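Structure record follows, encoded as structure tokens.
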Protein chains: 2
Amino acid sequence: MFTVFTMTEPRDRILNCACELYLKDGFEGFSMRKLARRVGVTAPALYRHYENREKVLLAVVGQAHNVLARYLYRSLAGETPRERFARAGEAYLDFALDHPRYFQMIYSFAEFMGLDEVPEEVAEETCAVERFWHDRVRECVEAGLLRSHELEEIGLSLWAHAYGLISLYLHGMLDVPEETFRQMYAGSFVRLLRGIATPAYASELEAELEAEEALPDAGPVKPAAK
Amino acid sequence: MFTVFTMTEPRDRILNCACELYLKDGFEGFSMRKLARRVGVTAPALYRHYENREKVLLAVVGQAHNVLARYLYRSLAGETPRERFARAGEAYLDFALDHPRYFQMIYSFAEFMGLDEVPEEVAEETCAVERFWHDRVRECVEAGLLRSHELEEIGLSLWAHAYGLISLYLHGMLDVPEETFRQMYAGSFVRLLRGIATPAYASELEAELEAEEALPDAGPVKPAAK
DNA sequence: GTCTATAATCCGATAGAC
DNA sequence: GTCTATCGGATTATAGAC
């Protein structure tokens with residue numbers, strides 16, 4: 001009389017455990033037997049709910065995309081195109097640092113599965129992310145911040161730059177602590193921005209830079225407490 | 001009387017086959033048994049020459065770095081800092097497109113092997129590449145092409161941008177033919193360049209851009225044959 | 001230096017009883 | 001929907017004969 005549905009559908013329980021397992025052991029360490037152990041059933045039981053290992057991992061990639069989407073959409077709370085743009089860049093970084101394995105999975109699922117084509121579900125979600133960036137750029141172009149000639153290409157430059165920086169860091173190629181990396185990310189972002197900004201916005205960025213350099217040493221000024 | 005040494009040391013024969021095998025089957029498909037079959041011996045024989053699978057793959061990474069180095073050093077034939085800089089960017093791209101698996105291996109060896117630290121041999125070779133870029137940038141700074149304030153960081157921006165663009169392409173996230181991608185790479189490179197160039201060089205780039213846009217449609221002008 | 005034989009695991013997936 | 005039992009395969013790596 002009380003429980004019309006089971007607390008969680010078995011398919012969802014499996015998916016949750018699959019995400020946990022992937023985040024713990026990565027792609028290679030992910031096996032149906034380990035997954036079964038984590039769920040608390042035997043391996044054959046899983047095949048009632050997922051056709052095979054690939055389908056399970058495909059569902060995990062879906063989750064990864066969901067989490068990324070949550071981070072990105074949060075940046076829409078910014079009140080101006082410029083702010084939404086900047087927040088989107090931060091959101092992408094936050095997602096990658098909070099969930100490095102998800103970040104990696106999104107871009108290298110096909111390789112790991114030995115597929116020579118990106119599965120359609122994944123390709124669609126990638127497109128959505130691209131469109132999101134495109135929208136942020138378009139807004140900024142319309143607001144006179146970014147150059148209008150190269151609307152499409154500008155999005156690509158931004159994406160590639162952010163992705164590259166983050167990947168190098170996650171691969172351990174940049175031997176710096178996280179906080180330092182965040183500063184490098186922000187700094188590098190501004191350098192690229194100068195190259196794609198309208199002359200008006202570029203000189204504004206220039207002025208900000210000079211103001212910062214005029215300061216003694218540290219970054220943003222904090223009111224001296226005490 | 002004629003053959004003082006065997007034609008190739010067994011260690012080298014194994015390494016050659018290991019490279020071939022890795023380039024064909026990738027990281028996951030690489031097993032000691034397959035390698036043995038390719039060499040023409042049985043698996044246990046390999047362990048006389050390499051301690052284990054990891055050591056073999058470490059040697060393959062070394063080869064990957066050698067090939068990359070060859071590509072990069074070729075760009076030193078350029079006669080001005082600006083030309084060497086541009087050629088280095090092309091060389092990095094050529095290497096990645098000619099040897100995508102080597103490119104990937106260089107940056108994700110640790111992940112694939114499940115190590116949580118980049119092995120020292122690999123880290124050293126990465127540093128060498130970084131220094132190479134740093135030298136190209138320094139030359140350009142000294143020639144008055146690039147901004148001097150941010151010498152270190154500029155190299156990082158360039159590296160991350162190139163790496164990101166190439167990785168996205170190799171991961172199948174950019175659905176374009178290779179020739180199109182090369183053009184995108186070149187175009188994106190210029191956008192970043194504008195952001196790190198000295199005002200003098202930046203306005204020179206700007207002039208080039210306007211000259212191109214004045215043309216009807218296509219890229220560089222070719223003399224109309226026949 | 002190479003071989004045969006084998007240890008010791010692990011894997012994905014299925015058949016068929018319950 | 002879950003179980004037991006199992007098929008059929010893969011893997012790294014070693015022992016010991018030659």
Side-chain angles (χ1 to χ4, degrees), chain A residues 3-61 105 109-116 119, chain B residues 3-61 101 105 108-116 119:
Chain A
T3 54
V4 179
F5 301 109
T6 50
M7 290 191 47
T8 44
E9 295 295 329
R11 227 184 118 88
D12 294 339
R13 283 224 346 268
I14 292 173
L15 176 55
N16 278 340
C17 293
C19 290
E20 287 172 23
L21 178 58
Y22 167 75
L23 290 175
K24 190 172 81 73
D25 288 4
F27 236 118
E28 313 234 343
F30 186 96
S31 79
M32 295 298 269
R33 290 160 120 96
K34 277 200 218 168
L35 175 56
R37 231 172 295 147
R38 184 173 283 262
V39 177
V41 297
T42 57
L46 300 175
Y47 290 85
R48 283 277 145 195
H49 307 279
Y50 287 92
E51 195 182 328
N52 53 32
R53 186 180 109 117
E54 181 177 327
K55 292 289 161 56
V56 178
L57 284 169
L58 218 40
V60 177
V61 183
M105 174 178 236
F109 181 77
E111 260 99 330
F112 271 107
M113 297 304 294
L115 311 171
D116 42 19
Chain B
T3 54
V4 180
F5 300 109
T6 49
M7 289 192 46
T8 44
E9 295 295 330
R11 226 183 119 90
D12 293 340
R13 281 217 356 262
I14 293 173
L15 176 54
N16 278 338
C17 292
C19 288
E20 287 171 23
L21 178 59
Y22 167 75
L23 289 176
K24 190 174 81 73
D25 289 4
F27 236 118
E28 312 236 342
F30 186 95
S31 80
M32 295 298 267
R33 290 158 117 95
K34 277 199 217 169
L35 175 55
R37 231 172 295 147
R38 184 173 284 261
V39 177
V41 296
T42 58
L46 301 174
Y47 290 86
R48 283 276 146 195
H49 306 278
Y50 286 93
E51 195 182 327
N52 53 31
R53 186 180 109 115
E54 181 176 328
K55 292 289 160 59
V56 178
L57 284 169
L58 216 41
V60 177
V61 183
R101 285 219 145 106
M105 176 178 235
S108 50
F109 180 77
E111 261 99 330
F112 270 106
M113 296 303 295
L115 312 170
D116 42 20

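Quick note: numbers below take in every heavy atom, side chains included, and nothing from hydrogens, waters or symmetry partners. Throughout, a chain's letter reflects where its sequence line sits, starting with A, and its residues are numbered from 1. As the structure is a prediction and not an experimental result, all values here were calculated from the model.
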- Message: In this structure, how many angstroms lie between the P atom of dT11(D) and the CE atom of Met113(B), rounded?
- Response: 15 Å

- To the nearest angstrom, the CZ-P distance between Arg37(A) and dT2(D) comes to 18 Å

Which atom pairs, donor and acceptor, lie under 3.5 Å between side-chain atoms of residues 14-29 of chain A and protein residues at least two apart or in another chain?
unit_1, atom_1, unit_2, atom_2, d
Glu20(A), OE1, Arg38(A), NH1, 2.8
Tyr22(A), OH, Arg101(A), O, 2.7
Asp25(A), OD2, Lys34(A), NZ, 2.8

- Item | Atom-to-atom span, CD1 of Ile14(A) to C1' of dT2(D) - whole angstrom | 11 Å

- side chain to side chain donor-acceptor pair (under 3.5 Å) pairs, two or more places apart, involving residues 39-48 of chain B: none

- Task: Measure from the side-chain N and O atoms of Arg53(B) to the backbone N and O of Ser31(B), and report whether any donor-acceptor pair falls under 3.5 Å.
- Result: no

- Which pair of non-hydrogen atoms, one from Val39(A) and one from Arg13(A), has the smallest distance, and what is that distance? O-NH2, 3.2 Å

- Item | Stepwise side-chain contact (heavy atoms from CB on, under 4.5 Å) test for Val56(A) and Leu46(A) | CA-CA 9 Å; Val56(A) 178; Leu46(A) 300 175; over 6 Å; no

- To the nearest Å, give me how far apart CZ (Phe30(A)) and P (dG12(C)) are. 9 Å

- Check each residue of residues 42-60 of chain A for a non-hydrogen atom within less than 4.0 Å of any atom in DNA chain D, then write out the ones that pass by number, or none. Thr42(A), Pro44(A), Ala45(A), Arg48(A), His49(A)

- Met32(A) CE to dG9(D) P, in whole Å, measures 21 Å

- Whole-Å distance separating the CG atom of Leu35(B) from the P atom of dT11(D): 12 Å

- Item | Spacing between Glu28(A) atom CD and dC10(C) atom P, to the nearest angstrom | 16 Å

- Note on the structure: To the nearest 0.5 Å, atom NZ of Lys55(A) lies from atom CG of Leu58(A) at 7.5 Å

